[in-house]
Amino acid sequence: MIFDTHAHYDDDAFDEDRDTLLGEIFSSGICCITDVGASVKSSKSAVALSKKWPQIYAAVGVHPDSTADMTEEDIETLRSLAQEKKVVAIGEIGLDYYWDNSPREVQKKWFERQLALAREVDLPVIIHSREAAKDTMDIMREAAKAGNTGVIHCYSYAAPMAKEYISMGFFIGIGGVLTFKNARIIKEVASEIPLSSIVLETDSPYLAPVPYRGKRNNSMYLKEVVKQLAQIKQVSEEIVITTTLANAKRLYRLEENCG
């Protein structure tokens, strides 16, 4: 059974067929999904989904793109949401210098504040980092010393940095990009880091794997990522599935029978 550790089924892209699609997903070998907030609004939606579906967990947080107008009141809302039974992480949080939708110093401020919140409520973090490798690592080195654990979502940097994150106790999130023909760097990362440090994710509705690239992504497509990862690691698909499921449970501190 496959655990999709990062998806956005609260997204508008699923408004027309959300319940039907989720029913198909949970009948197809996907055991659990973590629906991840990217704003206060979507965090509330993720929690609502987790209450509706036994197999869905929630993460609450504000994505760097949405931090420009963030306030301490938002932190208190996230703190309240984090008390919900099925909230398993603070995220996604981090830095995004590709879109630069929020000033970089503002991104850093609220990144560090949400890392502190995660420590206060004793939850792991889901880290978004795009074209911000050095600043993210500088912040995460201090955060790890302070006690943060979690996952580097949609990992896009080189293998040496992935190994440093793993040494700090973090998991590496790998999804559909692994199947892209031009994805040399993430293929090298997958080859060089231990399977025990990898979790599977879709980032649905984004980043669908080959042969679905360009289409709306969903958790059923993770089977293509499993296939590619098995080839890279030279193990069976079953080993990839069972190992990454165990990793996801450790990441989110879940009991043996999640979902």
**Prompt:** Only one of Arg104, Lys108, Arg141, Arg130 forms a salt bridge (charged side-chain N to carboxylate O under 4.0 Å, His left out) with Asp135, so which one is it?
**Reply:**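 Only one of Arg104, Lys108, Arg141, Arg130 forms a salt bridge (charged side-chain N to carboxylate O under 4.0 Å, His left out) with Asp135, namely Lys108.
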
Between [X] and [Y] (salt bridge meaning N to carboxylate O under 4.0 Å), is one present in this structure?
| X | Y | result |
| --- | --- | --- |
| Glu237 | Lys223 | no |
| Arg113 | Glu120 | yes |
| Lys52 | Asp19 | yes |

**Request:** Using the six-membered ring wherever Trp is involved, compare the ring planes of His128 and His153 and label them parallel, tilted or perpendicular (cut-offs 30° and 60°).
**Result:**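 His128 and His153: tilted rings.
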
**Request:** Anything under 30° is parallel, anything over 60° is perpendicular, the rest tilted; go ahead and classify Phe170 against Tyr165.
**Result:**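 Phe170 vs Tyr165 ring planes: perpendicular.
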
**Asked** Step by step, would you call Arg253 with Thr149 a side-chain hydrogen bond (donor to acceptor under 3.5 Å, both in side chains)?
**Response** CA-CA 11 Å; Arg253 307 172 191 171; Thr149 62; 3.3 Å; yes

Answer with yes or no whether the side chains of [Y] and [X] bring together a donor and an acceptor at under 3.5 Å.
| X | Y | result |
| --- | --- | --- |
| Asn218 | Ser204 | no |
| Ser45 | Tyr9 | no |
| Ser42 | Ser39 | yes |
| Glu92 | His8 | yes |
| Asp11 | Tyr206 | yes |

**Ala133: side-chain contact (heavy atoms from CB on, under 4.5 Å) partners, not counting sequence neighbours** =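 Partners of Ala133 under the side-chain contact (heavy atoms from CB on, under 4.5 Å) test: Tyr157, Met161.
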
**Request:** Not counting sequence neighbours, which residues clear side-chain contact (heavy atoms from CB on, under 4.5 Å) with Leu207? List them please.
**Result:**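 Leu207: side-chain contact (heavy atoms from CB on, under 4.5 Å) contacts with Cys154, Val177, Asp203.
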
**Message:** Can you tell me which residue among His6, His63, Glu201 is in a side chain to side chain contact (heavy atoms under 4.5 Å, CB included) with Val36?
**Reply:**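 Filter result, single survivor: His6.
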
**Message:** Under the side chain to side chain contact (heavy atoms under 4.5 Å, CB included) test against Ile172, which residue among Ile166, Val151, Asn247 passes?
**Reply:**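 Result: among Ile166, Val151, Asn247, Ile166 is the only option passing the side chain to side chain contact (heavy atoms under 4.5 Å, CB included) with Ile172.
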
**Item:** Minimum heavy-atom distance Tyr155-Ala162, with the two atoms named
**Value:**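 Smallest heavy-atom distance, with atoms named: OH-N, 2.9 Å.
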
Within 6.0 angstrom of [X] [atom1], more than 12 heavy atoms from elsewhere:
| X | atom1 | answer |
| --- | --- | --- |
| Asp69 | CG | no |
| Glu72 | CD | yes |
| Gln83 | CD | yes |
| Lys86 | NZ | yes |

Looking at [Y], is its backbone amide N or carbonyl O close enough to the side chain of [X] to form a donor-acceptor pair, meaning the two atoms are under 3.5 Å apart?
| X | Y | answer |
| --- | --- | --- |
| Asp17 | Thr20 | no |
| Ser66 | Val62 | no |
| Ser197 | Ile193 | no |

**Request:** Just do the side-chain contact (heavy atoms from CB on, under 4.5 Å) check on Ile139 and Leu115 with the steps written out, would you?
**Result:** CA-CA 9 Å; Ile139 289 171; Leu115 285 166; 3.5 Å; yes

**Request:** Begin from the C-alpha positions of Val226 and Ile2 and carry the test side-chain contact (heavy atoms from CB on, under 4.5 Å) through to its verdict.
**Result:** CA-CA 9 Å; Val226 168; Ile2 298 172; 4.0 Å; yes

